[in-house]
2 protein chains.
Amino acid sequence: MGRWEPGAQGRLQLAALELFAKRGYSAVTIADIAEAAGLTKRTFFNHFPDKREILFAGAGAFEESVVNHLRSIPHDVAALEAVVQALSIAGSELARYREFSILRRDLIALNVELRERDLVKMVSLTDAIAVELLKRRVGATQASLAAQIGISIFNWAYDKWISGNDLDLSELMRTTLFDVRSIVDVVAT
Amino acid sequence: MGRWEPGAQGRLQLAALELFAKRGYSAVTIADIAEAAGLTKRTFFNHFPDKREILFAGAGAFEESVVNHLRSIPHDVAALEAVVQALSIAGSELARYREFSILRRDLIALNVELRERDLVKMVSLTDAIAVELLKRRVGATQASLAAQIGISIFNWAYDKWISGNDLDLSELMRTTLFDVRSIVDVVAT
DNA sequence: AAAGTGATTGCACTTAGTGCAATCTACTCC
DNA sequence: GGAGTAGATTGCACTAAGTGCAATCACTTT
């Protein structure tokens with residue numbers, strides 16, 4: 001057994017990313033990707049359910065990470081606070097994939113198909129967070145809303161973060177959280 | 001000229017909804033829809049860019065309605081308050097389409113493709129709201145977040161509303177808004 | 001060597017969606 | 001009435017996504 005080399009799935013991803021970066025998402029066919037990875041179109045579908053999923057292979061792991069961090073936060077921490085903390089920790093761990101994140105963001109910005117898939121992943125993450133909050137005996141409405149607001153904060157801050165700010169993700173999220181406060185506080189009672 | 005009858009676009013929509021209701025979304029092909037409307041597959045694509053769009057033909061009008069209502073709200077009303085009001089008025093106008101809304105909701109719940117498209121439409125609406133808030137001299141971050149929170153509130157309340165509650169949509173949204181308050185208020189300063 | 005296991009592949013097929021040229025329809029103008 | 005024209009509809013040929021199934025290949029076990 002020689003040096004380690006990426007399996008079929010990894011080779012497909014690498015090949016795809018390279019092609020996407022060069023030609024854009026929609027100009028690359030699945031056959032192209034498979035060929036570039038030394039495989040066939042049919043094999044591609046043994047590893048990915050569809051073309052978009054190449055760019056979201058990590059979504060499941062991220063969701064799991066967020067949920068785990070959230071679970072480890074004491075129950076006496078307020079719901080939204082806990083969500084923000086969990087997302088900020090899990091998000092920081094993505095620093096390794098900064099380069100990939102940027103490419104991904106740019107591809108998504110240019111392609112509706114990809115934005116659609118991205119949004120579904122976000123909703124999935126939101127739901128997972130809400131489920132976790134329910135276990136903390138947060139009411140259904142508040143669980144769902146806290147999850148959604150947390151995700152909104154995360155998206156906003158994360159975008160700023162990978163767009164080259166030297167700030168800390170958790171600082172950015174904290175700042176954004178205060179913005180939310182000031183938006184909501186003004187509302188009549 | 002005789003009595004008015006729906007044009008090609010309307011016939012396609014009606015035929016599609018009937019088929020979707022009967023067989024579900026994915027079991028119906030575009031050829032099926034076209035045939036049921038007395039047209040051909042090619043003609044379908046002269047009226048809709050794709051199959052999902054049948055269920056979202058009204059999205060543009062709704063977005064316009066929301067933006068118009070938002071514009072008509074005095075600038076001294078707080079951003080989130082204005083968003084909630086605009087959505088609640090525009091939403092109430094959808095009462096006419098209750099039956100359609102329910103079918104649509106059920107179809108979306110069962111089909112990822114449709115959920116994807118639904119989310120994109122929601123983001124489009126959110127962006128339109130944020131743009132409108134920017135014109136009110138709300139800061140970029142707050143505009144985006146107020147729009148997102150408003151949409152979250154709307155979605156939650158609207159779902160409850162069409163699910164058969166006899167309550168007013170605006171009341172439901174108001175209640176939900178208070179939930180948001182209590183979520184955010186607890187956060188540490 | 002035989003047998004088995006899992007990954008890869010070939011093939012045939014359905015469906016979405018597009019571009020282009022032809023045709024059909026209704027309406028206008030003479 | 002008849003020629004013409006604009007717009008809607010259609011046929012056709014094509015690309016590409018995605019699926020089901022059976023065959024084959026590579027590699028390990030016995």
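Order of the sequence lines fixes the chain letters, A, B, ..., with proteins taken first and strands second; residue numbering starts at 1 for each chain.
Proximity of a side-chain donor or acceptor of B:W161 to a complementary backbone N or O of B:D168 within less than 3.5 Å is not detected. B:Y25 places no side-chain N or O within donor-acceptor distance of the main-chain N or O of B:I108, the cut-off being under 3.5 Å. For A:K135 (side chain) and A:R71 (main-chain N/O), no donor-acceptor pair under 3.5 Å exists by modelled atom type.
Counting to the nearest Å, the C1' atom of D:dT9 and the CG atom of B:L39 are 8 Å from each other. Computed from coordinates, the A:E53 CD to D:dT19 P distance equals 12 Å when rounded to whole Å. Per the geometry, CD1 belonging to A:I30 stands 17 Å off P belonging to C:dA16, to the nearest Å. The distance between atom CD of A:E35 and atom C1' of D:dA16, rounded to the nearest whole Å, is 15 Å. Rounded to a whole Å, the CZ atom of B:F48 is 12 Å from the P atom of D:dT9. If you take CZ of A:F44 and P of D:dA17, they are 9 Å apart, rounded to a whole angstrom. The NZ atom of B:K41 sits 13 Å away from the P atom of D:dC12 (whole-angstrom rounding). B:F45 has its CZ atom 18 Å from the P atom of D:dA8, to the nearest Å.
Donor-acceptor pairing under 3.5 Å, judged by distance alone, is absent between the side chain of A:R42 and the base of D:dG18.
Nucleic acid contact for B:K51: sugar-phosphate only, since backbone atoms but no base atoms lie under 4.0 Å from a heavy atom of the residue. Using a 4.0 Å heavy-atom distance criterion, B:T29 is classed as a sugar-phosphate-only contact. If you check every strand for non-hydrogen atoms under 4.0 Å, B:D50 touches sugar and phosphate atoms only.
One axis for each end of the helix from C:dA1-D:dT30 to C:dC30-D:dG1, each built from five base pairs, and the angle between them comes to 10° at 10° resolution.
Proximity of B:T141 to A:K160: side-chain heavy atoms (C-beta onward) are separated by under 4.5 Å at one or more points.
Residues A:R174 and A:S88 bring no donor and acceptor atom of their side chains to less than 3.5 Å of each other. Side-chain contact of B:S144 with B:Q148: a donor-acceptor pair under 3.5 Å is present, judged by distance alone. Between the side chains of B:T29 and B:D32, at least one donor N or O sits under 3.5 Å from an acceptor N or O.
Between A:T43 and C:dT8 there is no side-chain N or O to OP1 or OP2 distance below 4.0 Å. The shortest distance between the side-chain N/O atoms of A:H47 and the OP1/OP2 oxygens of C:dA7 is not below 4.0 Å.
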